[in-house]
Structure formats: C-alpha cells, structure tokens
Amino acid sequence: MSIQNILQKREFDKADIIALLHAKTAEDKLTLQQVAHETLLRERGNKVFYRGLIEFSNMCACDCYYCGIRKSNSLVQRFLLSKDEIVETALWCAENDYGSIVLQSGERRDRAFIDFLCDVVKTIQRESISEKLPHGLGITLSVGEQSLADYQKLFDAGAHRYLLRIETTSPTLFASLHPPSQTLENRKACLQNLKKIGYRVGTGVMIGLPGQTIEDLANDIVFFRDEGIDMIGMGPYIVHKDTPLNIHRESIALQKKQIFELALKMIAVTRLVLPNINIAATTALQAIHPIGREKGLEHGANVVMPLCTPASVRKQYLLYDNKPCLEDKASECRDCLKARIHRIGHSVGTNQWGDARPFFSSPNS
Ligand code: 5AD
C-alpha cells in the first residue's frame with residue numbers, strides 16, 4: 001500500500017508504521033508531516049505546553065554507555081543544587097506562567113536523596129499555589145529507576161507526572177547500551193509501578209542508536225500504544241565524546257541528516273498512532289538542527305521543555321555533545337522559545353498543566 005493510502009487510515013498496524021517510517025520521497029515525507037500536523041491541530045489544538053526543565057543534579061549511580069554524566073565519566077564536575085536554588089527556579093517558572101516543571105537529575109537511590117527530593121517537591125507544590133495556579137505547579141519527575149515505595153513517597157509529596165524513557169524496546173539493543181545491572185525488564189516494571197500509583201507516565205526512546213533498525217522503532221511505537229503512555233519524549237541519539245559509544249562517532253556523523261529526519265518521522269507517526277497524547281519537541285532535536293524543535297512541533301509535537309537550569313551549572317549537565325542554550329539565562333530561553341513558537345503559527349499554553357487527560361476535575365488541568 002502506498003504512503004498516501006496508509007495515511008487515509010485511522011488505525012495503524014505494525015506494517016503500516018514500518019512503511020510510514022520508511023517514507024522516502026519528498027512528497028511522501030511532506031504528506032506524512034502534514035497529516036500528523038493536521039491530526040495534532042484537530043485533536044489537541046495549536047497550543048504548545050511548557051515544562052520548565054530544572055536539571056538539579058548530575059550525580060549518577062548508573063553507567064549507561066551513551067550518557068555524558070555516567071558514573072565512570074570522571075571528567076564531570078558533579079553538583080547538586082540546594083533546596084533554595086531549586087525552589088527559587090521553580091517559582092520563577094510559575095511567575096513566568098509556565099504552569100508546569102520537570103525536575104530532572106542523574107539516578108540516585110539513597111535515602112538522603114529521596115528525602116531531599118520529597119521535601120523539595122512538597123515545598124514547590126505548596127509555595128507555587130496562586131490565583132492563576134490553584135493546584136500549584138504541575139510537577140514532573142525524571143530521576144530514573146526507583147523502588148515502588150519511593151515512587152509512592154514522591155507521588156504523595158505532590159509529583160503527578162514521571163518521565164522514564166525506555167530508551168529502546170529491543171532487548172539486544174538495550175543490553176548493548178547498558179551494563180548488565182540495568183535491565184529492560186526492570187525499566188518496564190518501573191513504568192508499570194508508576195502507572196499503578198497514578199502518575200501520568202511519560203516514556204520515549206533515542207533515535208539513530210548504533211544497530212537500531214526501523215523495525216525496532218516501529219516496535220517502540222507499538223509499545224507506547226500498548227502501555228497506555230500519556231507522554232512521549234524522543235530525540236536523536238547524539239554522541240558524547242567521553243562515553244564508550246564514542247567509537248561510533250564517525251558513522252553517526254555521516255548519518256546525521258538521516259537521523260534527524262527519522263526523529264521527525266517518529267514524532268509524526270507517534271502522533272498518528274496516538275492522536276491524543278503529549279509529545280515533546282526535545283532539545284536534542286535542536287542540538288543537530290538550528291530549528292529542530294520547531295520542526296518537531298510541525299511534525300505533531302505539542303510540548304517543549306524550556307531550559308531553566310541556573311546558568312552556573314548548565315555546562316555540567318551534558319548528556320551529549322553540542323547541547324544548545326548553554327550560555328543563555330532562563331529568561332533568554334523564555335523569550336527565544338516564544339518567538340520560535342509564534343513564528344510557526346502556534347501559541348503558548350500558559351499557566352496550565354497541559355495533561356492529555358485532566359488530572360484534577362477542575363478547569364486548571
Ligand atoms: N543522546 C541523546 N539523548 C541522550 N540521553 C542521554 N544521553 C543521550 C545522548 N547521548 C537521553 C536519554 C535519557 C534522557 C534523560 O536523555 O534518553 O533518558
């Protein structure tokens with residue numbers, strides 16, 4: 001079946017997904033983009049929701065082979081922002097109408113860390129309540145694999161969303177990216193636990209990983225659908241020079257354009273398969289293309305995560321090389337993103353949590 005015919009459908013099976021991801025001609029790629037964008041506008045409107053991203057610590061107990069802040073990278077200067085710094089940054093987001101934040105860090109499972117984070121979440125939740133945010137800021141956590149009990153504690157403290165990328169659903173590929181102590185099974189169990197507790201759950205994958213096939217990516221989209229995921233954050237894999245996967249640097253560099261296109265096709269096809277969910281136009285897209293995030297929005301994404309991490313530590317949170325916005329202050333990211341979003345005819349959804357399904361039965365969902 002031709003791409004044009006598949007795009008007439010409302011439901012897509014794995015063979016359709018594979019065919020769409022293979023779209024090659026300029027005409028097929030353009031139609032895929034247009035249909036995905038129309039689906040977004042029909043299902044969710046043109047509002048882009050912000051999640052102010054606060055990267056509050058780069059301390060990490062994991063050793064993922066692709067990640068710049070992996071435990072074994074001794075070149076990284078480690079940091080943990082103070083409670084006051086994190087709360088102040090979060091309240092800046094609230095004052096600037098962001099409505100929702102993401103607290104992200106490397107993975108730590110020690111008691112002191114979980115207690116610290118619970119305290120931070122509670123304080124942000126309480127202090128961000130205002131007339132424009134009657135429930136306070138929406139708080140998303142992205143702090144990796146934790147126990148069910150700790151996920152519950154963090155939920156009870158006031159976090160309501162959690163981002164945990166599956167990275168890839170291919171068992172062999174997952175094993176080639178992580179040490180044996182990290183397993184795909186545990187990652188899946190964590191996602192199940194998060195859902196059981198009541199979090200809105202986000203996941204996602206990296207695109208263009210060494211050895212990854214189109215079929216792997218199609219399986220990833222089927223996984224998003226079967227797991228009832230609420231949000232997707234996906235982006236291109238980008239080499240970090242001080243990681244084991246740096247050995248693939250040259251072949252990845254040669255495929256940069258294809259990987260970027262594939263990342264956009266993944267966004268478009270995910271929008272078609274899951275018309276209603278939130279999909280992020282990630283910063284990694286902009287790391288390999290100057291208007292990467294806008295392209296993401298035009299392919300069906302509806303969330304952006306403006307970088308709000310204090311300027312003093314931005315350069316210490318490098319998951320990959322060429323991360324953009326390192327010299328910018330949070331206010332510059334605010335103004336720059338707004339202009340970028342308006343330029344492509346979308347608007348910003350201010351003071352909203354922007355959930356795909358309302359978390360509270362109130363107007364401020
Ligand atoms: N390139 C692209 N994305 C990366 N991440 C980590 N390292 C890289 C990299 N080198 C992504 C992972 C992780 C998220 C926080 O950042 O998908 O889940």
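Counting convention: from 1, in listed order, for ligands and their atoms alike.
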Provide the number and element of each atom of ligand 1 under 4.0 Å from a heavy atom of Q104. 15 (C)
Does the side chain of N46 pick up a donor-acceptor pair with the side chain of S347 at under 3.5 Å? yes
Assess the pair F49 and W353: is the distance between their ring centroids shorter than 6.0 Å? no
At under 4.0 Å between heavy atoms, which part of S142 makes contact with ligand 1: side chain, backbone, both or neither? neither
Supply the atom-to-atom distance L32 CG to H37 NE2, rounded to the nearest 0.5 angstrom. 13.0 Å
One finds that the ligand 1 atoms under 4.0 Å from a non-hydrogen atom of M206 are 2 (C), 3 (N), 4 (C), 5 (N), 8 (C), 17 (O)
Exactly one candidate in V201, L274, T270 meets side-chain contact (heavy atoms from CB on, under 4.5 Å) with I229; the answer is V201
Nearest option to atom 2 (C) of ligand 1, as decided by whichever heavy atom of S105, P236, G235 sits closest: P236
Modelled atom types, side-chain donor and acceptor of R78 and N58, under 3.5 Å: no
Polar-atom distance check: Y320 versus ligand 1, any N or O pair below 3.5 Å? no
Distance under 4.0 Å to a non-hydrogen atom of R165: what atoms of ligand 1 satisfy this? 11 (C), 12 (C), 17 (O), 18 (O)
Quick one: look up the protein heavy atom nearest atom 12 (C) of ligand 1 and list residue, atom name and how far away it is. E167 OE1, 3.4 Å
of all protein heavy atoms, closest to atom 7 (N) of ligand 1 is Y66 CD1, 3.4 Å
For the ring pair Y320 and H240, is the centre-to-centre distance below 6.0 Å? no
Going by the atom numbers of ligand 1, which of them fall below 4.0 Å from some non-hydrogen atom of L319? 6 (C), 7 (N), 8 (C), 9 (C), 10 (N), 15 (C), 16 (O)
How far is atom 1 (N) of ligand 1 from its nearest protein heavy atom, and which residue and atom name does that atom have? I238 N, 3.0 Å
May I ask you to check whether N302 and N278 show a side-chain donor-acceptor distance below 3.5 Å? yes
